[in-house]
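All values derive from a computational prediction rather than experimental measurement. Sequence lines set the chain letters: A, B, ... in the order given, protein chains first and strands last, and positions in each chain run from 1.
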Amino acid sequence: MKRRATILLGSAVVALAALAFAATRVVAANKIDPVADAKAFQNFFFQKFPNVKREDFVNGPYSMNEDMRRQWQEKEEFPPYEFALDAGKEMFAAPFKNGKGYADCFPNGGIGIRQNYPYFDEKEGKVVTLELALNRCREANGEAPYSYVKDEMASLTAYMAFTSRGKPMDIKLPDDPRALAAFENGKRYFYTRRGQMNFSCASCHVQSPGERIRAEVLAPALGILNAMPIYRSEWSGMGTTSRRFITCNSQTRAVPLEPQADEYRDVEYFLSYVANGLPISGPGARP
Amino acid sequence: MKRSLPLAMLLALTVALPSARAATDADFKAAYAAAEAAFKEAAGLRNQWTTTVSTLAAAKKAADGGDFDRAVASAKEAEALAKASIFQATSEKEAWKAMEIR
Amino acid sequence: MASSIRVRATSNGDITEVQVLIQHPMDNGFMKDAKGELIPAHFIQELKFECNGKDVFVADWGTAVSKDPYVKFSFKGAKKGDDLKISWTDNKGGSDTTTAKIA
Amino acid sequence: MTTTTGPGPLATRRLILQGAASVALIGLGNLPFAPVRAAANDKYPEEAFKQKSEADAIKALYGKTAEPSDKIKLDAPEIAENGGVVPISVTTTLDKVTSISFFVAENPSALAASYKIPDGTVPSVANRLKMAKTTNVTAIVEADGKLYSATKEVKVTVGGCGG
């Protein structure tokens, strides 16, 4: 576990944040503490579900329901994301027209690095997700970007996640007030009610994981992104993190934002950071 | 349920509009302009509801078909929905913090 | 192009366990596309497994078999290194075939 | 029993297996008589797949009725996580199994899949089926010329037919 390092880093960030936000948000200044947030977030789930093994939260609804777990295990014998995974592996290895490839865009040739995404890019001053980085890689090499929600993007991220399976999520919060602001904005987005149903992300994935909403068993928010991308039976296909956010919005009757909108990038940053230490399990299979 | 507040607002607004005479194109234009303004404000707050979008589209479609009664009713409903979403976004500016795990 | 058939066949000396996953839409003819038009039925009808010149398993499928169908079975009489030939045909005359080595 | 499910003499067409032939077979047991092995056979059973009700489909496929058997273990989830992909498997301790078929009673056409089990193949199959709504699922095992069945209910809340 990288706790110690994170705590050190975190306290530096907090100190800085106190300075940066002192002027505008006096009340909030003592609250922006990602390390404490992550700890509280994890403890909430660990206490709410004392029988679920910590590393099992990343298996979503299957960590919560025995009958579904069995169906999942049967599916995992030959998982439905198999084709996407194979396609992703092939695509990842195929060179661009200029002869370069995805491996040239990523640390360690793109292998075993999923747990470090999203990261905060201090040059841009924004969160960069894996999906965004992949499309930027394509564009930098003269290739057209892919749709963020499915097919090629899901295949590529499936392969990259697969090479990182079991590695603990390891999201860094650099010593930069903008990173802290992004984290805070992601948190705000996560807890804010929206749509005609008046649901926040937390309404379902914090308050009611394991329960059924209509037919679906809700996944716990803790580690929910560690399984991305996912094959959803409901979609009869693969979907990315972007697709998951968009469909969650639609289901609460909120008009989704554009893929990779700042809010989505930030909420991905928040959710990934609070899942630090939990293993990457993607690509996943879900109902 | 937790969604009672905006829904109650919506109900109050929609119930308050029965009109005696048949609506005209002008009635529609006025109702639609008001709805559109609220719609744009909600979009600016990045909190549009899917139902606002569909109801506004239904208003336009009814007007195009010459059914101004229905067009005005839909436009008013869309305005009410948009306003409820604005209310939601505004109150959530602080309210979300109550939900936070600490 | 990659084969539409993914297969795992493993022998424990006596029994060979076979699992396959096939990429196929298995459209049942009741679903509509984005434009609201019915997607015509398109599904695998027959799937056959042959080993050492003998059919070891034959499936007749209708439209109720799930998209990207999966099936698992076991048989006796083969050993590691033997070839297992798998072939399918669908209702539109499509087909695919592959040969896997038993591991 | 030695072999024969191969693409053997196409004497065994669909029409034969439905009617008189299969009735005759019951008495013949496991004699090395080609059509025996062909009970549910060779040609794609198009008519059986067209039948709406389970009873009609079983009749079209086998030409006879089945009796329940506790020697069949049908494994299906109580609640399907998604009607589009329901893992169903069956295994049996019955002898001389020649075919295993799956029927989903509430689907538009009940017959879902039918598997030929040649000699030497273990009478055990796992597959994934679509279910339109909550339904009984029946596995029919053809063994020694007779039909045996096991049934289980699967609750479906998200249908497999776009519901």
Side-chain angles (χ1 to χ4, degrees), chain C residues 11-12 14-22 24-34 36 38-39 41 43-78 84-85 87-91 93, chain D residues 2-8 37 40-46 48-51 57 61 82-89 91 99-104 106-132 135 137 159-163:
Chain C
S11 166
N12 69 1
D14 178 29
I15 291 178
T16 302
E17 185 185 88
V18 182
Q19 294 184 84
V20 288
L21 189 71
I22 302 168
H24 198 283
M26 298 302 284
D27 290 316
N28 61 13
F30 299 112
M31 304 278 276
K32 288 178 180 166
D33 63 14
L38 273 184
I39 302 167
F43 59 100
I44 293 175
Q45 291 187 311
E46 191 182 64
L47 166 69
K48 195 188 276 199
F49 298 77
E50 291 171 71
C51 186
N52 298 326
K54 168 179 181 282
D55 284 355
V56 292
F57 193 69
V58 182
D60 286 328
W61 280 347
T63 54
V65 172
S66 301
K67 184 194 168 197
D68 294 344
Y70 164 87
V71 70
K72 176 165 96 171
F73 72 96
S74 305
F75 70 100
K76 294 177 188 168
L84 180 69
K85 188 181 166 210
S87 51
W88 60 257
T89 50
D90 70 23
N91 67 320
Chain D
T2 40
T3 125
T4 357
T5 313
R37 309 291 307 126
N41 248 306
D42 290 296
K43 195 160 160 66
Y44 183 72
E46 198 151 356
F49 276 109
K50 276 184 189 160
Q51 302 305 315
L61 189 63
N82 185 300
V85 195
V86 187
I88 304 280
S89 62
T91 180
S99 78
I100 296 178
S101 301
F102 294 91
F103 298 82
V104 181
E106 299 296 326
N107 273 1
S109 308
L111 178 57
S114 181
Y115 300 94
K116 283 151 211 161
I117 311 290
D119 195 19
T121 293
V122 180
S124 171
V125 182
N127 59 183
R128 300 170 185 161
L129 304 177
K130 295 179 214 168
M131 299 178 190
T135 180
V137 176
C161 298

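- With a 4.5 Å cut-off on side-chain heavy atoms, C:D60 and D:K116 count as touching.
- Neither the backbone nor the side chain of C:I44 has a heavy atom closer than 4.5 Å to any heavy atom of chain D.
- Considering only residues two or more places apart in sequence or on other chains, C:D68 meets the side chain to side chain donor-acceptor pair (under 3.5 Å) condition with none of them.
- Looking at C:K32, there are no atoms closer than 4.5 Å to chain D (heavy atoms on both sides), in backbone or side chain.
- With contacts defined as side-chain heavy-atom distances shorter than 4.5 Å, the pair C:V58/D:Y115 does not qualify.
- D:Y44 and C:W61 share no side-chain donor-acceptor pair at under 3.5 Å.
- Smallest separation of non-hydrogen atoms from C:N28 and D:K130: CB-NZ, 4.0 Å.
- Side-chain N or O atoms of C:S74 include none that pairs as donor or acceptor with a backbone N or O of D:V122 at under 3.5 Å.
- Taking C:Q19 as the reference, C:Y70 meet the side chain to side chain donor-acceptor pair (under 3.5 Å) condition, with sequence neighbours excluded.
- Within the 4.5 angstrom heavy-atom criterion, no atom of C:F49 approaches chain D.
- Proximity of D:T121 to C:F73: side-chain heavy atoms (C-beta onward) are separated by under 4.5 Å at one or more points.
- Among the candidates C:I15, C:T16, C:T63, C:V56, the residue making the largest number of heavy-atom pairs closer than 4.5 Å to chain D is C:V56.
- For D:V125, the parts lying under 4.5 angstrom from a heavy atom of chain C are both the backbone and the side chain.
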